[in-house]
Amino acid sequence: MLCPVDVILCMAIFETQVISEQQNGAVSAAVQQLSAGNLVAVPTETVYGLAADATESSAVQQIYAVKGRPSFNPLISHVADASMAKQYVKISPLAAKLMKIFWPGPLTIVLTALEDSGIAPEVSAGLDTLAVRCPAKETTRAIIAKLGRPIAAPSANPSGKLSPTTADDVLAGLRGKIPLIIDGGDTPVGIESTIIGVRDDKLYLLRPGTITSDDIADATGQPVLDRDETEISAPGQLLSHYAPNASVRLNATRKQQGEILIGFGDIAGDLNLSASGDLSESAHNLFKILRKADSKSERIAVAPIPDRGIGIAINDRLRRAAAPRTEP
Ligand code: AMP
Ligand code: MG
């Protein structure tokens with residue numbers, strides 16, 4: 001339930017300003033807005049994030065209001081480094097090892113939250129865990145360090161829709177709803193972070209990403225177990241998500257009438273995720289090409305993507321993009 005003040009805030013109309021990360025004062029401008037309890041869209045290496053001071057309930061509530069995000073879907077807290085994370089979550093030796101190997105980078109780790117950590121309860125949607133990540137994007141780490149507190153930041157788009165990989169994508173979805181976007185160019189990774197749960201010295205894959213289970217198992221010497229083998233709750237990964245306006249048909253080897261075909265490898269298509277069949281390039285291009293296809297046709301078909309390595313994460317996003325649409 002939103003209280004009246006939040007309703008007023010979420011109806012606020014802003015003239016959304018876009019500042020290049022290279023412009024003098026970009027970091028300070030972002031920190032000023034965040035300190036004032038406002039939202040700022042920030043670049044990360046995965047997709048653009050819609051950031052709020054994670055310790056301010058009213059700011060975090062605005063994320064849910066602006067995105068139209070269901071209140072049961074918890075947010076990832078982005079930290080400047082592992083020592084900032086330590087102020088908010090219990091870090092086991094295994095979690096410390098993950099941070100040392102993969103941070104900064106596109107790996108989110110779900111850990112037990114410290115009591116009275118000061119993180120707004122809305123961030124975890126009432127769970128006793130907190131998801132933490134240290135982004136590789138330096139500008140955003142500088143913003144967090146200067147703020148001195150974590151930022152809660154889901155993708156900077158209306159809930160359930162395609163994730164934004166450029167400042168223009170953010171503007172297309174959120175113009176007038178937020179005061180500031182920091183433009184950090186095209187996001188290199190292109191899809192959301194891998195999410196790993198750590199409990200009782202075991203690792204669980206809660207969401208696949210470009211850091212694969214094999215990468216994590218190789219680096220830690222520990223197997224990565226499936227999500228259905230854990231009691232860790234990771235609500236909010238809805239079947240319909242990342243949805244363009246168009247319908248989406250998967251595993252298409254040729255297009256049917258009225259469709260635009262997104263190709264991969266040998267299947268050329270009208271647009272192509274990666275002509276050479278490179279999965280990392282395909283992840284980088286995924287949301288970009290889905291957006292482009294969405295602007296050209298009401299029916300999108302997508303070539304088969306191998307279900308291994310990074311392909312597992314791409315197929316996860318594609319399955320949700322193709323799922324029957326539900327109201328957010
Ligand atoms: P998004 O911000 O949309 O990329 O999604 C973040 C996802 O991270 C959520 O949908 C949850 O599945 C997961 N998540 C965030 N916080 C937690 C948490 N405390 N415990 C378990 N999963 C979480
Ligand atoms: Mg999202």
Side-chain angles (χ1 to χ4, degrees), residues 39 41-52 54 60 62-64 66-79 85 88-91 95 106-115 117 119-133 135 140 150-165 169-170 173-174 187 189-199 202-211 226-244 283 286-287 290-291 313 316-317 320-321 323 326 328:
L39 306 185
V42 294
T44 81
E45 73 278 23
T46 59
V47 300
Y48 275 72
L50 181 61
V60 176
Q62 282 186 68
I63 293 182
Y64 287 94
V66 162
K67 279 181 64 80
R69 182 174 174 109
S71 59
F72 58 80
N73 190 354
L75 307 173
I76 296 169
S77 292
H78 294 68
V79 293
Y88 302 95
V89 286
K90 282 186 200 153
I91 302 182
L107 182 74
T108 297
I109 309 172
V110 174
L111 296 166
T112 304
L114 294 181
E115 271 175 43
S117 69
I119 295 289
E122 293 84 356
V123 172
S124 281
L127 301 170
D128 59 3
T129 50
L130 186 69
V132 285
R133 165 164 122 79
T140 296
I151 52 172
S155 53
N157 57 297
S159 185
K161 301 293 188 187
L162 293 171
S163 301
T165 59
D169 294 345
V170 179
L174 300 181
T187 61
V189 171
I191 60 170
E192 297 77 2
S193 60
T194 306
I195 306 181
I196 288 286
V198 184
R199 184 168 287 182
K202 291 205 170 73
L203 301 173
Y204 301 93
L205 182 68
L206 303 180
R207 177 174 73 188
T210 56
I211 296 178
D226 273 351
R227 181 182 168 156
D228 55 13
E229 292 180 76
T230 178
E231 309 270 284
I232 303 174
S233 160
Q237 291 188 41
L238 305 175
L239 188 57
S240 171
H241 211 81
Y242 317 112
L286 181 67
F287 288 123
L290 279 170
R291 262 174 208 273
D316 168 74
R317 307 307 188 272
R320 294 174 204 275
T326 48

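All ligand and atom numbering here is 1-based and tracks the order in the structure. Values below: every heavy atom of this structure, side chains too, minus hydrogens, waters and symmetry copies.
When all heavy atoms of Thr230 and Ile232 are compared, the closest pair comes out as OG1-N, 2.9 Å. Minimum interatomic distance between Arg207 and Ile76 (heavy atoms only, all atoms of both residues): NH2-CD1, 3.9 Å. Annotation for Lys67 and Asn157: closest pair NZ-O, 2.8 Å, computed over non-hydrogen atoms. Annotation for Ala153 and His78: closest pair O-CE1, 3.1 Å, computed over non-hydrogen atoms.
Comparing heavy-atom distances from atom 2 (O) of ligand 1 across Glu192, Gln237, Arg69, Arg227 singles out Arg69 as nearest. By heavy-atom distance, the residue among Arg207, Lys67, His241, Arg133 lying nearest atom 1 (P) of ligand 1 is Arg207. The closest heavy-atom contact to atom 6 (C) of ligand 1, among the options Gly160, Ser233, Pro74, comes from Pro74.
Near Thr129, meaning under 4.0 Å from one of its heavy atoms, ligand 1 places the atoms 18 (C), 19 (N), 20 (N). Atoms of ligand 1 lying under 4.0 Å from any heavy atom of Pro154, numbered from 1 in the order shown and given with element: 2 (O). For ligand 1, the atoms sitting less than 4.0 Å from at least one non-hydrogen atom of Ala131 are 15 (C), 16 (N), 17 (C), 19 (N), numbered in the order shown with element in parentheses. Those atoms of ligand 1 with a heavy atom of Leu75 less than 4.0 angstrom away are 15 (C), 16 (N). Remark: ligand 1 atoms within the under-4.0 Å shell around heavy atoms of Ala234 are 12 (O), 21 (C), 22 (N). Taking every heavy atom of Ile195 and a limit of under 4.0 angstrom, the matching atoms of ligand 1 come to 7 (C), 8 (O), 13 (C). Counting atoms of ligand 1 from 1 in the listed order, those under 4.0 Å from a heavy atom of Leu127 are 18 (C), 19 (N), 20 (N).
Judged by distance alone, with hydrogens and angles left aside, the side-chain atoms of Tyr64 form a donor-acceptor pair with the main-chain N or O of Glu122 at under 3.5 Å.
Only the backbone of Leu130 comes within 4.0 Å of ligand 1, judged by heavy-atom distances.
At a cut-off of 3.5 Å, with distance as the only test, a side-chain donor of Arg133 or Thr44 sits close to an acceptor on the other residue. For the residue pair Thr108/Ser193, the side-chain donor-acceptor check at 3.5 Å is satisfied.
Counting only heavy atoms from C-beta outward, the side chains of Arg227 and Pro208 never approach each other to under 4.5 Å.
In summary, Glu231 and Lys202 do not engage in a salt bridge, as defined by a charged side-chain N under 4.0 Å from a carboxylate O.
Look at Ser155 and the Mg ion (ligand 2): an N/O/S atom of the residue is under 2.8 Å from the metal.
Residue contacts with ligand 1 include Pro235, since one or more of its heavy atoms lies under 4.0 Å from the ligand.
Given atom 10 (O) of ligand 1, the protein heavy atom at minimum distance is Asn73 OD1, 2.6 Å.
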